[in-house]
Novice: 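Below are the C-alpha cells for one structure; questions will follow.
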Amino acid sequence: MSHYYRLVVSCPDQVGIVARVSSFIAQQGGSITEASQHSDLQTGRFFMRYEILADSLSMSAETLRTAFEPIAREFTMQWALVDTQQRRRVVLMVSRESHCLVDLLYRWQAGELDCDIVSVISNHEDMRSIAEWYGIPYHHVPVDPANKQASFAAVQEHIDMARADCVVLARYMQILPPALCQRYAGQVINIHHSFLPSFAGAKPYHQAFERGVKLIGATCHYVTEELDAGPIIEQDIHRVSHCHTPTDLVRFGRDVEKAVLARGLRWHLEDRVLIHGNKTVVFS
Ligand SMILES: Nc1nc2c(c(=O)[nH]1)N[C@@H](CN(C=O)c1ccc(C(=O)N[C@@H](CCC(=O)O)C(=O)O)cc1)CN2
C-alpha cells in the first residue's frame with residue numbers, strides 16, 4: 001500500500017483557500033493524488049481533503065505540519081495532517097450478535113481495513129472463540145445493571161490501555177455513559193439496525209414490522225450521549241413486504257448492517273468523514 005499524507009481541513013469559507021493550499025503543496029514538490037472539497041453555503045463552512053504522495057515530498061509529516069501552520073492560522077483552520085504509515089488502533093465492542101464482528105474481522109484479515117484491531121470487548125462470553133481464532137485479545141466486561149458506572153469504568157480502562165484511536169460498536173447493546181462518549185468524541189462508531197431517524201432504540205426490526213414498513217435499513221453513525229442521534233456516516237436500505245416476518249426482516253437487515261458498518265469504518269479510517277455539527281461531510 002502506498003504511503004500518503006492526508007491533509008484534512010475545515011474552516012470558514014472564503015475565496016483563495018484551494019489556491020493557497022495547492023500552491024503550498026506544489027512549492028514543496030508534493031503530488032496531490034486525490035482532492036476533495038465542499039462549501040456548505042448554509043453555514044459558510046469549507047471542507048477539504050487532499051491525499052499527497054509522501055515520497056513526492058522531501059520532508060517528514062512533522063516538518064510538513066510545521067510548514068503548514070501559518071496557512072492554517074491565516075484561514076482559521078481546524079485541520080490534521082495524517083501519515084498513513086501510522087496505522088489506527090481499533091477496539092471492537094460486541095454483545096451477542098456475531099455478524100458484524102465476523103464481517104469486520106474477515107475484511108480486516110483480507111486487508112480491506114487499514115488498521116490494527118487490537119482487542120474485542122464484550123458484555124458476554126459468546127464471541128470469545130471468534131476473536132481468539134483471529135488472535136485478538138478478548139475482554140469480557142459484564143455490565144451490572146445495579147452498578148453501570150463501575151462496569152463502564154472497566155470498559156474505559158480497557159479502551160485506554162489499548163491506546164484506541166477508534167472504537168466500533170459492532171452490535172454492542174449497551175448505552176455508553178456520557179463520560180465515555182465525551183472522552184472518545186468523534187472516535188466511537190455504531191451500527192444501528194434501522195434507517196435512522198426511524199426506530200431509534202431497542203428492537204427496531206420489531207418496531208418496523210409493527211409499523212408495516214416497505215423499507216428497512218441500517219445506519220452507521222458516531223456515538224454521542226443522545227442515543228442513536230450522532231452524526232450519520234453511512235446508511236442503506238432493503239425492500240420488504242407484507243409477506244415478511246420479523247425474522248425475515250432481521251435476516252435481510254444483517255446483510256445491510258454488515259455492508260453499512262464496513263463502509264462507514266473504512267471511510268473513517270481513510271479520513272473521508274468530516275463532522276460538521278450533527279452532520280457529516282463524506283468524501284467517499
Ligand atoms: N451513548 C450511546 N450509546 C450507544 C449508542 C448511542 O448512540 N449512544 N448506540 C447504541 C446501539 N443501540 C442501537 O443501535 C442500542 C443499544 C442498546 C439499547 C438499550 O436500550 N440497551 C439497554 C440494555 C439492553 C440489554 O441489556 O440487552 C440499556 O443499555 O439500558 C438501545 C440501543 C449502543 N450504545
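Keep in mind it's a predicted model, so treat the numbers as computed, not measured.
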Novice: If only atom types and distance count, is the side chain of Thr76 paired as donor or acceptor with the main-chain N or O of Ala72 below 3.5 Å?
Specialist: no
Novice: Apply side chain to side chain contact (heavy atoms under 4.5 Å, CB included) to residues Leu169 and Val223 and explain how you reach the verdict.
Specialist: CA-CA 9 Å; Leu169 308 187; Val223 168; 3.7 Å; yes
Novice: Do Ile71 and Val18 land in one hydrophobic cluster if side-chain heavy atoms of ILVMFWY residues count as linked below 4.5 Å?
Specialist: yes
Novice: Distance alone, cut at 3.5 Å: any donor-acceptor contact between the side chains of Thr63 and Ser60?
Specialist: yes
Novice: Any heavy-atom pair between the side chains of Ile189 and Leu261 that's under 4.5 Å?
Specialist: yes
Novice: Could you tell me if His193 and Arg171 have a donor-acceptor pair between their side chains, going purely by distance under 3.5 Å?
Specialist: yes
Novice: Sequence neighbours left out, what passes side-chain hydrogen bond (donor to acceptor under 3.5 Å, both in side chains) with Glu210? Give chain and number order.
Specialist: none
Novice: Side-chain heavy atoms under 4.5 angstrom apart, residues restricted to Ile, Leu, Val, Met, Phe, Trp, Tyr: same cluster for Phe199 and Val260?
Specialist: no
Novice: Take Arg254 and Glu257 through the salt bridge (Lys or Arg N to Asp or Glu O under 4.0 Å) test and state the conclusion after the steps.
Specialist: CA-CA 5 Å; Arg254 286 196 188 105; Glu257 293 166 45; over 6 Å; no
Novice: Would a distance-only check, ignoring hydrogens and angles, find a side-chain to backbone donor-acceptor pair under 3.5 Å from Glu74 to Glu69?
Specialist: no
Novice: Side-chain contact, heavy-atom cut-off 4.5 Å: Asp13 with Asp40?
Specialist: no
Novice: Please examine the side chains of Phe24 and Leu64, heavy atoms only from C-beta on, and report whether any two atoms are closer than 4.5 Å.
Specialist: yes
Novice: Taking atom types as modelled and ignoring hydrogens, do the side chains of Arg45 and Gln78 form a donor-acceptor contact shorter than 3.5 angstrom?
Specialist: yes
Novice: Is it true that Tyr106 and Val120 fall in one hydrophobic cluster, defined by side-chain heavy atoms closer than 4.5 Å?
Specialist: yes
Novice: Starting from the C-alpha separation in whole Å, work towards a yes-or-no answer on salt bridge (Lys or Arg N to Asp or Glu O under 4.0 Å) for Asp165 and Arg89.
Specialist: CA-CA 5 Å; Asp165 300 299; Arg89 297 171 62 85; 5.4 Å; no
Novice: Quick one: do Val9 and Val21 satisfy side chain to side chain contact (heavy atoms under 4.5 Å, CB included)? Show the steps, please.
Specialist: CA-CA 10 Å; Val9 171; Val21 174; 5.7 Å; no
Novice: Kindly give the heavy-atom pair with the smallest separation between Gly16 and Phe75, and that separation in Å.
Specialist: O-CZ, 4.2 Å
Novice: So, for Asp248 and Cys243, which heavy atoms are closest and what is the spacing to 0.1 Å?
Specialist: OD2-O, 4.1 Å
Novice: Given 3.5 Å as the limit, does a donor-acceptor pair link the side chain of Ser98 with the main chain of Val102, or not?
Specialist: no
Novice: So do Phe209 and Pro246 actually touch side chain to side chain, heavy atoms under 4.5 Å?
Specialist: yes
Novice: Glu34 side chain to Tyr50 main-chain N or O, any donor-acceptor pair under 3.5 Å?
Specialist: no
Novice: Have a look at Phe152 and tell me which of Val143, Asn147, Val141 forms a side chain to side chain contact (heavy atoms under 4.5 Å, CB included) with it.
Specialist: Val143
Novice: Could you pull out the closest heavy-atom pair between Asp103 and Ala262, with the gap in Å?
Specialist: OD2-CB, 4.0 Å
Novice: Let's go through His124 and Ser122 carefully: what are the C-alpha distance in whole Å and the side-chain angles of both, what is the deciding distance for side chain to side chain donor-acceptor pair (under 3.5 Å) to 0.1 Å, and is it a yes or a no?
Specialist: CA-CA 5 Å; His124 297 285; Ser122 180; over 6 Å; no
Novice: For atom CD of Glu157, is the number of surrounding heavy atoms from other residues, nucleotides or ligands below 6.0 Å larger than 12?
Specialist: no
Novice: Is a side-chain N or O of Arg65 found less than 3.5 angstrom from the main chain of Leu81, in a donor-acceptor match?
Specialist: yes
Novice: Taking NZ, NE, NH1 and NH2 as the nitrogens, is one of them in Asp144 or Lys148 under 4.0 Å from a carboxylate oxygen of the other?
Specialist: no
Novice: When clusters are formed by joining ILVMFWY residues with side-chain heavy atoms under 4.5 Å apart, either directly or through shared neighbours, do Ile130 and Leu113 land in the same one?
Specialist: yes
Novice: Linking I/L/V/M/F/W/Y whenever any side-chain heavy atoms sit under 4.5 Å apart, do Ile191 and Ile233 land together?
Specialist: yes
Novice: Kindly check if the number of other-residue, nucleotide or ligand heavy atoms within 6.0 Å of CE (Met161) is above 12?
Specialist: no
Novice: Do His276 and Thr43 get their side chains close enough for a donor-acceptor pair, meaning under 3.5 Å?
Specialist: yes
Novice: So among Ile136, Val90, Leu265, which one has a side chain to side chain contact (heavy atoms under 4.5 Å, CB included) with Trp108?
Specialist: Ile136
Novice: May I have the step-by-step check of side chain to side chain donor-acceptor pair (under 3.5 Å) for Ser95 and Asn123, ending in yes or no?
Specialist: CA-CA 6 Å; Ser95 289; Asn123 54 324; 2.8 Å; yes
Novice: Are Val256 and Ile237 packed together at the side-chain level, in the sense that at least one heavy-atom pair is separated by less than 4.5 angstrom?
Specialist: no
Novice: Please report whether the ring centroid of Trp79 lies less than 6.0 Å from that of Phe68.
Specialist: yes
Novice: Tell me whether Arg88 contacts the main-chain N or O of Leu269 through its side chain, where contact means a donor paired with an acceptor under 3.5 Å.
Specialist: yes
Novice: When the aromatic ring centroids of His38 and Phe46 are compared, is their separation below 6.0 Å?
Specialist: no
Novice: Mind checking whether Val273 and Val281 have side chains closer than 4.5 Å, heavy atoms only?
Specialist: no
Novice: Does one side chain, of Tyr184 or Asp160, offer a donor that lies under 3.5 Å from an acceptor on the other?
Specialist: yes
Novice: Using atom types as modelled and distance alone, determine if a side-chain donor or acceptor of Asp228 lies under 3.5 Å from a backbone N or O of Gly201.
Specialist: yes
Novice: Under the side chain to side chain contact (heavy atoms under 4.5 Å, CB included) criterion, do Trp267 and Phe283 qualify, and how do the steps go?
Specialist: CA-CA 8 Å; Trp267 291 342; Phe283 293 128; over 6 Å; no
Novice: Testing the basics here: between Val213 and Ile216, what is the closest heavy-atom pair and its distance to 0.1 Å?
Specialist: CG2-CG2, 4.1 Å
Novice: Is the backbone N or O of Ile232 less than 3.5 Å from a side-chain atom of Thr280, with the two atoms forming a donor-acceptor pair by type?
Specialist: yes
Novice: Check whether Thr84 reaches the backbone of His3 with its side chain - one donor and one acceptor, N or O, closer than 3.5 Å.
Specialist: no
Novice: Would you mind listing every ring-ring contact (aromatic ring centres under 6.0 Å, His included) that reaches into residues 212-244, with sequence neighbours excluded?
Specialist: Tyr222-His268, His238-Phe252, His244-Phe252
Novice: Does a side-chain heavy-atom distance below 4.5 Å link Ile159 with Leu180?
Specialist: yes
Novice: To check you understand the geometry: which heavy-atom pair defines the closest contact between Ala229 and Asn278, and what is its length?
Specialist: O-ND2, 2.8 Å
Novice: Using side chain to side chain contact (heavy atoms under 4.5 Å, CB included), reason through Ile17 and Met48 one step at a time and then give a plain yes or no.
Specialist: CA-CA 9 Å; Ile17 302 170; Met48 170 191 272; 4.3 Å; yes
Novice: Check for a donor-acceptor pair, side chain of Ser39 on one end and backbone N or O of Leu41 on the other, with a separation under 3.5 Å.
Specialist: no
Novice: What are the two closest heavy atoms between Pro142 and Ser151, and how far apart are they?
Specialist: O-OG, 3.4 Å
Novice: One thing to verify: whether Asp271 and Arg6 come together as a salt bridge, which I'm taking to mean a side-chain N less than 4.0 angstrom from a carboxylate O.
Specialist: yes
Novice: Measure the shortest side-chain to side-chain distance between Val155 and Met93 over non-hydrogen atoms and say whether it is less than 4.5 angstrom.
Specialist: yes
Novice: Kindly determine whether His158 and Ser119 satisfy side chain to side chain donor-acceptor pair (under 3.5 Å), including the steps that lead there.
Specialist: CA-CA 9 Å; His158 279 300; Ser119 78; over 6 Å; no
Novice: For Lys279, check side-chain contact (heavy atoms from CB on, under 4.5 Å) against everything at least two apart and list the hits.
Specialist: none
